[in-house]
Amino acid sequence: SGGGGAAAEGPKPLDELVVGFAQVGAESGWRTANTKDIQASFEEAGIELKFSDAQQKQENQIKAIRSYIQQGVDYIAFSPVVETGWDAVLNEAKAAGIPVVLTDRAVDSKDTSLYVSFLGSDFIEEGKKAGLWVLDEYKDTTEPVNIVQLEGTTGAAPAIDRAEGFADVIRQNPNLEVVASQTGDFTRAGGKQVMEAMLKSNPDIDLVYAHNDDMGLGAIEAIEAAGLVPGEDIKIVTVDAVKDGMQALADGKINFIVECSPLLGKQLVDIITTLNDGGSVEPRIITEETTFNQEQAIEALPDRQY
Ligand code: GYE
């Protein structure tokens with residue numbers, strides 16, 4: 001692995017450690033909560049965090065990582081906007097002896113020595129959980145069910161995997177059909193715009209599967225503008241469980257949410273301090289998550305942190 005550079009000379013005092021974090025952007029409620037949690041966790045640990053926002057552009061993330069390498073940070077963590085195209089810059093980090101931790105999203109690099117660990121959710125599992133709810137909801141239906149899918153950012157691990165897990169499960173009932181699928185880039189505006197177009201070209205939509213809450217919330221606006229009732233005329237299933245999504249679920253406008261936790265900060269700090277102490281970390285660390293129906297959302301909302 002590329003790890004262990006700092007530990008070779010013994011652990012550094014935490015207030016001398018410098019970590020560079022290359023964030024995806026600020027595209028969703030999930031991302032905002034994730035950024036806050038990471039910044040707060042490093043501050044609490046007394047570790048300096050250099051932070052950059054790539055505005056959902058891979059070239060900006062690559063630039064940020066190169067600048068962290070140049071500045072000689074001790075560790076680099078980042079959430080890759082898309083899966084492909086990272087080998088060159090990750091090899092540069094490796095050559096500089098800077099360990100890299102993937103946070104939240106995966107890369108498709110075959111060479112696993114390019115990063116020490118991948119900390120984040122199992123997105124295929126999330127897609128399956130969404131699919132299982134749909135399978136159960138329509139188990140007695142003999143009519144075709146028209147599903148539209150609002151995909152996350154094209155090429156992003158959560159978009160690819162949430163589509164795959166969902167498709168794998170709904171395949172079991174031939175009445176369940178995805179009649180349209182398009183990217184809304186994980187944003188509320190994107191979800192609204194795509195849903196508007198889908199409502200025009202598909203008169204008979206039964207269910208929306210949105211890869212995150214924000215796109216689902218955008219779809220709600222489009223559905224209401226078309227004079228339909230979200231959650232009743234058109235059912236909605238989303239992923240994330242941020243506060244606005246949970247409120248819409250409590251209000252009956254969303255029908256089911258698969259949780260994806262953005263609170264990765266503390267685990268990321270643990271990884272860095274373990275490596276700094278010369279310890280080793282698991283190559284894959286999966287976040288624990290649940291699902292919510294309306295009742296469960298009403299119960300969880302008062303204590304929801306994000
Ligand atoms: O679901 C979405 C965000 O990568 C898991 O990115 C993350 C996803 C999250 O924009 O809301």
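Remember, predicted model here, so these are calculated numbers, not experimental data. Each ligand, and each atom within it, is numbered from 1 in the order the structure gives.
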Requested in this report: Please confirm whether the backbone N or O of Val18 pairs with a side-chain atom of Asp74, one donor and one acceptor, at under 3.5 Å?
Outcome: yes
Report task. Please answer whether the main-chain N or O of Lys50 pairs with a side-chain N or O of Tyr68 as donor and acceptor at a distance below 3.5 Å. Result -> yes
Report task. Please report which non-hydrogen protein atom sits nearest to atom 10 (O) of ligand 1, along with the residue it belongs to and the distance in Å to one decimal place. Result -> Glu27 OE2, 2.5 Å
Report summary line: Quick note on ligand 1: atoms under 4.0 Å from a heavy atom of Phe123 include exactly 5 (C)
**Report entry** Asp240 near ligand 1 by a heavy-atom separation under 4.0 Å
**Finding:** yes
Query raised in the report: Is Thr287 reaching over with its side chain to a backbone N or O of Ser261, donor-acceptor style, under 3.5 angstrom?
Result: no
Report task. Without swapping roles, check the side chain of Tyr115 against the backbone of Leu90 for a donor-acceptor pair under 3.5 Å. Result -> no
Query raised in the report: Of the options Glu125, Glu126, Glu151, which is the one that meets Arg162 in a side chain to side chain donor-acceptor pair (under 3.5 Å)?
Result: Glu126
Requested in this report: Any atoms of ligand 1 less than 4.0 Å from a non-hydrogen atom of Phe186? List them with their elements.
Outcome: 2 (C), 10 (O)
Query raised in the report: Do any nitrogen or oxygen atoms of Ser28 lie less than 3.5 angstrom from nitrogen or oxygen atoms of ligand 1?
Result: yes
**Report entry** Ligand-side contact atoms (ligand 1) for residue partner Asn212, heavy atom cut-off under 4.0 Å
**Finding:** 2 (C), 11 (O)
Query raised in the report: Between the side chain of Lys129 and the main-chain N/O of Thr291, is any donor-acceptor distance below 3.5 Å?
Result: no
Query raised in the report: Quick one: which ligand 1 atoms are inside 4.0 Å of a heavy atom on Cys260?
Result: 5 (C)
Query raised in the report: Does the N or O separation between Arg31 and ligand 1 drop below 3.5 Å for any pair?
Result: yes
Query - Main-chain N/O of Asp214 paired to Ser28 side chain as donor or acceptor, under 3.5 Å - result: no
Query - Option whose closest heavy atom lies nearest to atom 5 (C) of ligand 1, chosen from Asp104, Thr103, Asp213 - result: Asp104
Query - Side-chain donor or acceptor of Asn91 paired with backbone N/O of Asp87 under 3.5 Å - result: yes
Query raised in the report: Which bit of Arg162 gets closer than 4.0 Å to ligand 1, counting heavy atoms only: side chain, backbone, both or neither?
Result: side chain
Query raised in the report: Should you measure from each heavy atom of Pro158, which atoms of ligand 1 turn up under 4.0 Å away?
Result: 4 (O)
